[in-house]
Amino acid sequence: MINITKLLVTGGAGFIGSFLVERLVEEGFDVLIIDNLSSGELNRLRNVIDRVKFIKDDLKNLSDPGAFRGVDTVFHLAANPEVRISVTEPRIHFDENVVTTFNVLELSRKYGVKNIVYASSSTVYGDAKIIPTPEDHPIQPISVYGAAKAASEIMCGTYARLYGINCVVLRYANIVGPRLRHGVIYDLLMKLKKNPGELEVLGDGTQEKSYLYITDTIDATLKAWEYAVKNGGAYTYNVGNRDSISVRDIVSIVIKASGFNPRIKYKPATPDGRGWPGDVKRMLLSIDKIIREVGWRPSMSSREAIELTAKSLAEELGVGNEGAHS
Ligand SMILES: NC(=O)c1ccc[n+]([C@@H]2O[C@H](COP(=O)([O-])OP(=O)(O)OC[C@H]3O[C@@H](n4cnc5c(N)ncnc54)[C@H](O)[C@@H]3O)[C@@H](O)[C@H]2O)c1
């Protein structure tokens, strides 16, 4: 491991952030978290809360900017990750995803932070023309969330070139695992909890995307960070799986995990069957670059990641017939 001690994780009480914090603490780092708990939960940090410094604060308007003093690396994960609401509430996404990133970069510059790892997203590509999509594919987002991520990425790269801050942009595919509180698996399970007899599915079910398990995601994040610290400069990597899975298949896996037998109702929002305007229909990232340069590769497939997540979330959320999880 690298010789760095003080790390800041923004959004550390979130789904991905809490797993990242656990790993960093396990590896002996001094970890500071800034999170406004808008979608974060302190309960996610219960295994490590007495070994980290937690600051409840809002990155749109930090009350204690001095918190950045002495930080070597910022893992910037704080954001509103709900792609769907960015269609109807664009300003929320501008404020939570662009303004927060700008503030993090400015404070990093001011307090001499050396490295930034930015949690971007596959949505920056929009409806990609090349699949699997490589990092040098044109950036043409079709959601305001994707646009906010793209704007933030460009800002990170510019700060790297202009101010010499090492920067890694990670374009995550759909990340799944325990503690997840958004996305298709969570939505389906919560609907089944409310009404086990009927399941409404957004889209026509033919949407086909790539899913990565949380532990694979944390491995990729740490390896890419180490690579940037060692070599210096600015890097962009896709972080996803080699395969994809359809919403129809996800629905079957989730229903099986619940033990229910609902009537399924598909609800396409567009003539070509998307779940909502701005929903990317097909996403599969090329991960050749991160494999080649960083030496990371996923350990389980999209299907395995979904199966494991559906099972653990059904238990966490208390959804299902007794015995369905055994
Ligand atoms: N989960 C995925 O599938 C996925 C895919 C691609 C990219 N990402 C990105 O990864 C990051 C983490 O996603 P996640 O799934 O863990 O989401 P999450 O909602 O669980 O975590 C986000 C965290 O940021 C905090 N936060 C939000 N706005 C804040 C603000 N203004 N100030 C301080 N804290 C704030 C929230 O309270 C929450 O704890 C996000 O940037 C997201 O866009 C996630």
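One-based numbering, in listed order, for ligands and for the atoms of each.
- Taking hydrophobic clusters as Ile, Leu, Val, Met, Phe, Trp and Tyr residues chained together by side-chain heavy-atom distances below 4.5 Å, Y235 does not share a cluster with V169.
- Applying the side chain to side chain contact (heavy atoms under 4.5 Å, CB included) rule to V201 yields the partners L188, L199, V247, V251, I264, Y266; only residues at least two apart in sequence or on another chain are considered.
- R44 forms no cation-pi arrangement with F15, by the criterion of a distance under 6.0 Å to the ring centre and an angle within 45° of the ring axis.
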Contacts table for residues 154-165: side-chain donor-acceptor under 3.5 angstrom, sequence neighbours left out:
{"residue": "T158", "atom": "OG1", "partner": "I154", "partner atom": "O", "Å": "2.7"}
{"residue": "Y159", "atom": "OH", "partner": "E106", "partner atom": "OE1", "Å": "2.6"}

Identify all pairs of nitrogen or oxygen atoms, one from ligand 1 and one from the protein, separated by less than 3.5 Å, and list them with distances.
{"residue": "ligand 1", "atom": "3 (O)", "partner": "I175", "partner atom": "N", "Å": "2.9"}
{"residue": "ligand 1", "atom": "15 (O)", "partner": "H182", "partner atom": "NE2", "Å": "2.7"}
{"residue": "ligand 1", "atom": "16 (O)", "partner": "F15", "partner atom": "N", "Å": "3.3"}
{"residue": "ligand 1", "atom": "16 (O)", "partner": "I16", "partner atom": "N", "Å": "2.8"}
{"residue": "ligand 1", "atom": "19 (O)", "partner": "S39", "partner atom": "OG", "Å": "2.6"}
{"residue": "ligand 1", "atom": "20 (O)", "partner": "F15", "partner atom": "N", "Å": "2.8"}
{"residue": "ligand 1", "atom": "26 (N)", "partner": "N36", "partner atom": "OD1", "Å": "3.4"}
{"residue": "ligand 1", "atom": "28 (N)", "partner": "E96", "partner atom": "OE1", "Å": "3.1"}
{"residue": "ligand 1", "atom": "31 (N)", "partner": "D58", "partner atom": "OD1", "Å": "2.8"}
{"residue": "ligand 1", "atom": "31 (N)", "partner": "E96", "partner atom": "OE1", "Å": "2.9"}
{"residue": "ligand 1", "atom": "32 (N)", "partner": "L59", "partner atom": "N", "Å": "3.0"}
{"residue": "ligand 1", "atom": "34 (N)", "partner": "N36", "partner atom": "N", "Å": "3.0"}
{"residue": "ligand 1", "atom": "34 (N)", "partner": "N36", "partner atom": "OD1", "Å": "3.3"}
{"residue": "ligand 1", "atom": "37 (O)", "partner": "D35", "partner atom": "OD1", "Å": "2.6"}
{"residue": "ligand 1", "atom": "37 (O)", "partner": "N36", "partner atom": "OD1", "Å": "3.4"}
{"residue": "ligand 1", "atom": "37 (O)", "partner": "S38", "partner atom": "N", "Å": "3.0"}
{"residue": "ligand 1", "atom": "37 (O)", "partner": "S38", "partner atom": "OG", "Å": "3.3"}
{"residue": "ligand 1", "atom": "37 (O)", "partner": "S39", "partner atom": "N", "Å": "3.1"}
{"residue": "ligand 1", "atom": "37 (O)", "partner": "G40", "partner atom": "N", "Å": "2.9"}
{"residue": "ligand 1", "atom": "39 (O)", "partner": "G14", "partner atom": "N", "Å": "3.1"}
{"residue": "ligand 1", "atom": "39 (O)", "partner": "D35", "partner atom": "OD1", "Å": "3.3"}
{"residue": "ligand 1", "atom": "39 (O)", "partner": "D35", "partner atom": "OD2", "Å": "2.5"}
{"residue": "ligand 1", "atom": "39 (O)", "partner": "G40", "partner atom": "N", "Å": "3.2"}
{"residue": "ligand 1", "atom": "41 (O)", "partner": "L77", "partner atom": "O", "Å": "2.9"}
{"residue": "ligand 1", "atom": "41 (O)", "partner": "K149", "partner atom": "NZ", "Å": "2.9"}
{"residue": "ligand 1", "atom": "43 (O)", "partner": "Y145", "partner atom": "OH", "Å": "2.7"}
{"residue": "ligand 1", "atom": "43 (O)", "partner": "K149", "partner atom": "NZ", "Å": "3.0"}

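- Evaluation of the side-chain hydrogen bond (donor to acceptor under 3.5 Å, both in side chains) rule for D216 yields S299 as partners, not counting sequence neighbours.
- The residues R179 and E22 are annotated as salt-bridged, a charged nitrogen and a carboxylate oxygen being separated by less than 4.0 angstrom.
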